[in-house]
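Numbered from 1 within each chain, the chains take letters A, B, ... in sequence-line order.
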2 protein chains.
Amino acid sequence: MSVNDNYTVSSCFTDVGCPKIAPTVIANHVGFNDFQASPSTRDKRNLNPCALIKPEEEDQGARFDMTTRNLHQVGKGISKGINAGRINFADKHILSAYIMPLYWKPLDWAIIEATAVTEEGYTVPGASVGATPEIVQSAEKLIAEVNTRIPSIHSFTPPNRQPYVVTHTQDRIDLTAIPIGPDRVVALIEFTKPDNTGTIAPENDSSRAIARHLIEFLSEEVDSGRLPKSLLSLQRGIGNVADSIIGGLAEGPFKQVRVWIKVLQVSYDLVCGFERGLRDLPIDTILRCFDSGKLAFATATSIRFSPEGFDQFCENWATYKDRLLLRSQQVANSPEIIRRLGVPAMNTPLEYGHGNSTYALSSRMLNGIGGSADFLRNAKLSIMLTPSNRLTKTDPTRISCIAPFASHVDQPEHDLDVVSTEHGLADLRGLAPCERAPHIIKKCAHPDYRDVARGYYDQALHECLARATGTTYAEECGEDAYWVVGEGYYEGGQVGSRFGVAV
Amino acid sequence: MSVNDNYTVSSCFTDVGCPKIAPTVIANHVGFNDFQASPSTRDKRNLNPCALIKPEEEDQGARFDMTTRNLHQVGKGISKGINAGRINFADKHILSAYIMPLYWKPLDWAIIEATAVTEEGYTVPGASVGATPEIVQSAEKLIAEVNTRIPSIHSFTPPNRQPYVVTHTQDRIDLTAIPIGPDRVVALIEFTKPDNTGTIAPENDSSRAIARHLIEFLSEEVDSGRLPKSLLSLQRGIGNVADSIIGGLAEGPFKQVRVWIKVLQVSYDLVCGFERGLRDLPIDTILRCFDSGKLAFATATSIRFSPEGFDQFCENWATYKDRLLLRSQQVANSPEIIRRLGVPAMNTPLEYGHGNSTYALSSRMLNGIGGSADFLRNAKLSIMLTPSNRLTKTDPTRISCIAPFASHVDQPEHDLDVVSTEHGLADLRGLAPCERAPHIIKKCAHPDYRDVARGYYDQALHECLARATGTTYAEECGEDAYWVVGEGYYEGGQVGSRFGVAV
């Protein structure tokens, strides 16, 4: 192990497909020898994760201050390091991880998970592909952990800078394994440890209500001929609301649905709802969705089954393998394909008034933007789903998720077509900001906030028209949302004082 | 002319290629008959422009309140109608105009400019293609104005939802004319009136300094092997700074440069600088750039030559026609191609701290976002060029264009790699917000604002670290910029009071 080694943990998306052996061994080795305590940076080791990885892996590195720079994060330990200022967090769209080698020094080591390493020098990814092709390409030395527990899932690498000839969700376009230079491989580690995918966030009344509004909207789009019954290639992001089971889809005019998403989750998944009542079944629901014929095809950059679901999947490999396709994140999040296929995309912001996906209470970084903007920016239909308000430690009436101007902006209003909360759905297509604001107030805001929101809008309207800046009374109202109150909402009263309103 | 007719003026980009006869005739007819004064909406006529059109055309419609809805605007009359609240302005990315028929009621009439209408039922566009293919497709009836003054410039329509097989700037991928149903054509109007493209904004010390920093940066990218000497397919937006002649490019290691842009402007154009001293030559400079061999190929959705330049272009048609390719805006702004070609994109915001391209002084709408986000979001290198401060009517010290948190957000910081002002260039690639802020302060801020900016940053850093929200001291600082002062800058003291700072 030479000085200044940069380890990069790869082949992960969410918490599946992460290398499970080497990062722990390395972190313990570093911790045992107290390398990071050395005043000389020459002695320090970095364990910098690429894209999404398993919380434990992140935290192993963070525990010994081995992680100095990060693109996306999910672990509590690493989040603490970021918010304490020890780890630099450069939040990038998932898609953009490919330019990582330009950002950082070249990677000394990459640690990847595989289901096979072939004699011809190819590595076959496991349950997730992610940025593995790019990371394999840019690393000097490789450690491959070969998971012999699950079958070899063949995937492909993106054909660099040639068109992605994908015109249907199910189109395969390239190799089924990633070429590596075998002389770079310094270790092959066989293991059978499963991914620990944990338990499932339960549905609730709010998520069911949001689902109902969405189903109604999508049904109208199908009835009007603007969407086919297959819903083109439906996408939904990760998050409690977007992921909640949309049981009502079973009642809509949908058929042979296809999905084009980042992470295919076994449970609390949109697609599970296609079969009525599926939410009450065990957590291998998506496999039943396939069985029932409601779901025709699914493509993603990783699958995140429950441990039992993974076992079932492996046992019935022949049944599912031709209806599921894993792609690299460069392809899964490709603006080219998202746009060509006309993906309807759904994501969940923390607050809306422009979209804020990352900063809770305007100040604490959560997980980063992920692929939300990759999809919302290029989708045929960009949909934001959020509860109208959320719990907070200090405010007994909850805080509103509909804000006049989000405290942080990840997705500008230009990228958004539809906003829905449990109270209703606002179709904003073609509307100017001054039309969007009252529409969202009426349809989506929580009743506790509706009057003050409307009052603020009317006041801004009056003042802006008086000085002939008429399109921007909505800007004053936060572009296409409106004023919102809630003690403790904006820490330090920043936005409150901005608008001179304190309720 | 039936009631409730929706006229749509098409085939324009900036102020070239606009229908020149029919809109005036129709507007005068409506004005003469006082249709718009009728209390019944049944009697009203709409003249709604699609995408970018000529200011006079916009204003003709606005004069009689015929324009009710708009996607992008440049005329003063229409801007007045928008800011007075009479016209609804739904600001969309140029790329997204294609979904317009979903937003509005189907178009009754479309008025387009052509250079030929063939017997087989194709219309050949003139100096701009823009959204003509989509508008022709969705309109019930067509009025084609055939400009016989200039040669037929063959272009192509986008192949709907198939890959755009463009792997080099110069690749042609489709038809050279737009198919129309001849039975829909209700009028063909022959004319020879030229486009009135007006005069040229002059260079100044500030734009030359920004250009110098940019040249230095691009030269380093070429020297390091991250960009080829052709600069891949360089893009620059419209605006005083981005458009200013970058004379220094002639001194860099660049060769056989190719450009992939929206509007190819004859003068104050980036490419003009490739030949030293070209800025002092007449306004047909781009043609000389071709002649000199500095510019190998240019593609755009429209060309905007001076009247003399157009004449010279027509006279030497054979010389230029194979090095210039006009495409529909769907192709010119395609995320697919921008990403595949690795376009380095340059645009000019009004202020930066996230990018704000549209709202001057936080409240008055200018022209809309145009294609800025289409390029910045998908580019290999996203570059923002802005003077460090701008003139204002009320502030003798000018106001800073570098803000802690822009008063309106069009391009989130996740989409931006480089910011430059006349004082310096900040390379932000791979940096976290907490690193970006001081870097921009040091490199780009105007000296008058540097100390107060740094002071604000330090204060925010201190406060956020104290409550363990460490990555967001930059968020408090506006994500990757910092505090800025200037009397009259934020109308009503909104942002000033937000941060509790008043200088």
Open item on the list: Less than 4.0 angstrom from a charged side-chain N to a carboxylate O is my criterion; do D374(A) and R377(B) meet it?
Closed with: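 Yes, charged N to carboxylate O under 4.0 Å.
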Open item on the list: My understanding is that only residues two or more places apart in sequence, or in another chain, count here; which of them pass side chain to side chain donor-acceptor pair (under 3.5 Å) with S382(B)?
Closed with: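 Partners of S382(B) by the side chain to side chain donor-acceptor pair (under 3.5 Å) criterion come out as none, since no residue qualifies.
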Task: Atom pair CZ (R339(B)) and CZ (R339(A)), whose distance is rounded to the nearest 0.5 Å - done: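 Those atoms lie 15.5 Å apart.
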Open item on the list: For a 4.5 angstrom cut-off between non-hydrogen side-chain atoms, does R340(B) reach P163(A)?
Closed with: yes
Task: Note, N378(A) side chain near N378(B) side chain (heavy atom, < 4.5 Å) - done: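 N378(A) reaches N378(B) side chain to side chain.
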